[in-house]
Amino acid sequence: MIKREKIKNLLDTTEFNREVTVMGWVRTFRNNQFIALNDGSCMGNVQIVVDFNNTPEELLKRITTGAAIAVQGTVVESLGKGQKIDIKASSIEILGDSDPEKFPLQPKKHSLEFLREIAHLRFRTNTFNAVFKVRHALAFAIHQFYNERGFVYMHTPIITASDAEGAGEMFKVTTLDFDNTPRTEDGQVDYSEDFFARPTNLTVSGQLEGELAAMAFGQIYTFGPTFRAENSNTTRHLAEFWMVEPEVAFADLEDNMTLAEDMLKYVISYALENCKDELEFLNNRLLEEEKSKPQNERSELSLLEKLNFCLGNDFERLTYTQAIAILKSSKPNQKKQFKYLIDEWGADLQSEHERYLVEKHFKKPVILTDYPADIKSFYMRQNEPDEQGRKTVAAMDILFPGIGEIIGGSQREERLDKLTQRMEDLNIPQEELWWFLDTRRFGTAPHSGFGLGFERLTLFVTGMTNIRDVIAFPRFPNNAEF
RNA sequence: UCCCGAGUAGCUCAGCUGGUUAGAGCAUCUGACUGUUAAUCAGAGGGUCACUGGUUCGAGCCCAGUCUCGGGAGCCA
């Protein structure tokens, strides 16, 4: 194919009167004369000027919104006001027609709900161009962050045999014939006939395998798809999402929090530097959207202000116990405005409480630590009971404004006796996790890690509000289209 | 899964107390115009009122069920 010039490079060129070829998709065709052409290299369009008097009617008719075209022409200074350069077309070739009666995208604002229904085409909008450029930058920055620090990127299995991780409902993986399921003598499904000769599921976390690697390499991270078969219908849950899970040996909870905070700041600042146009666009998009909201529902900070604020301030670190004290004496609790009133130590925090802490009380990201043992997972390190005998674990959750929990992590219980006792209490079969327990049998060491919800991070950085809009083809209950 | 709300043209939405032939803007098509910026002007086409059943002389509107979507909650990343 003829070498094409990327529109991104063309838009700030100063070399005029040269011949170029551009290829892209028509956004609009105005006045039978001006094509707004986009090739995905940036959000902006280049304006193609067509000499309609010397262009066949047949060709002009085929220049429609959505059509793919190749244009040869001369770069000239634009006579119009909206752009610096034009391309005066000398020849136009239609690469792919787009029937204007059927192409659903119009040169106007579409609702995000509508675009979600045409997720295969929504990439062709400015908003989604920006969102997925930012998503890419964040993913890249995560690898760069860990690589710079000497972490090893581990690919942990997607298919797992243990269902003991306790991180929610799992998707079953099987090749058994549902219409003719092999049964054992007592009528149970006979998994010895299945592909792996045992029940298997899609992974809900790479953490346990990550710990194994951390106990050899010292510091590792995983970044891969994660599956939860929960019937969750919210703006921040997906059945298939991407999770970043670092695991570090010889690190305590304090180190863990510092790593998490450093990582978040690093990737946000990377996005700010490398996605200036995209974030500015998303910033303005949000401002426009806020205009239609009542004053009291508008956010105090714009998207860019919010991101910069996040970089310039330490995250607030406090214990669960301290959080309960704040919540207990808070206005909404005193005035009984919380749906779930804070009364006793030990209750799990509801999202209204998290929101209060993050959005009203501290007005910045918050790291909550040392939760009651009863509401956290078996593998978290058990703290010494406090003077009142209350048991906590070395857990940490990072809460972000508008998103809630973006990171969940802990120092891990490295003491075999404590770990197995806890597993026994929670009826977690130890035989299945023999390999996990082996790390505590052979050269156990203090270690810590966390899980970052990658889409939740992307939500925060793009300012989008529905998690289904920051992943290309979202998977959620009743939906696996595309 | 639970609690609210919504589903009317390709899109965004109006549709009164149940009453004649269901409307607008944008998009599309036709024509005009031709340095436009979501071009403009004139005209035209376009509807299983989500689906199923019910009440009624009569249902887009009322009732029941189902489906889908949105917001909130739970589960969590």
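The aromatic rings of Phe315(A) and Phe400(A) sit perpendicular, their planes meeting at an angle over 60°, well past the 30° parallel limit. The aromatic rings of Phe123(A) and Phe473(A) stand perpendicular to each other, their planes meeting at an angle above 60°, with 30° marking the opposite boundary.
For U12(B), one of the phosphate oxygens OP1 or OP2 lies less than 4.0 angstrom from a side-chain nitrogen or oxygen of Ser111(A). The shortest distance between the side-chain N/O atoms of Arg30(A) and the OP1/OP2 oxygens of U36(B) is not below 4.0 Å. Put simply, Arg228(A) has no side-chain N or O that comes within less than 4.0 Å of OP1 or OP2 on G74(B). Contact check, Asn233(A) against G74(B): no side-chain N or O comes under 4.0 Å of OP1 or OP2.
Within the 4.0 angstrom heavy-atom criterion, no nucleotide atom of any strand lies near Arg27(A). Residue Glu101(A) is classed as a sugar-phosphate contact, given heavy-atom separations below 4.0 Å to backbone atoms only.
Between Phe482(A) and Arg475(A), the shortest heavy-atom distance links the atoms O-NH2, 2.8 Å.
Of the residues in residues 61-92 of chain A, those lying under 4.0 Å from RNA chain B by heavy-atom distance are Lys61(A), Ser78(A), Leu79(A), Gly80(A), Lys81(A), Gly82(A), Gln83(A), Asp86(A), Lys88(A).
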Derivation of the side-chain hydrogen bond (donor to acceptor under 3.5 Å, both in side chains) call for Ser78(A) and Gln83(A): CA-CA 6 Å; Ser78(A) 182; Gln83(A) 58 284 317; 3.0 Å; yes
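In this structure, G7(B) and C67(B) make a Watson-Crick or G-U wobble pair, each of the two defining distances being under 3.5 angstrom.
Nucleotides C76(B) and G7(B), compared at atom C1', are 31 Å apart to the nearest Å. Nucleotides U20(B) and A32(B) are separated by 40 Å at their P atoms, to the nearest Å.
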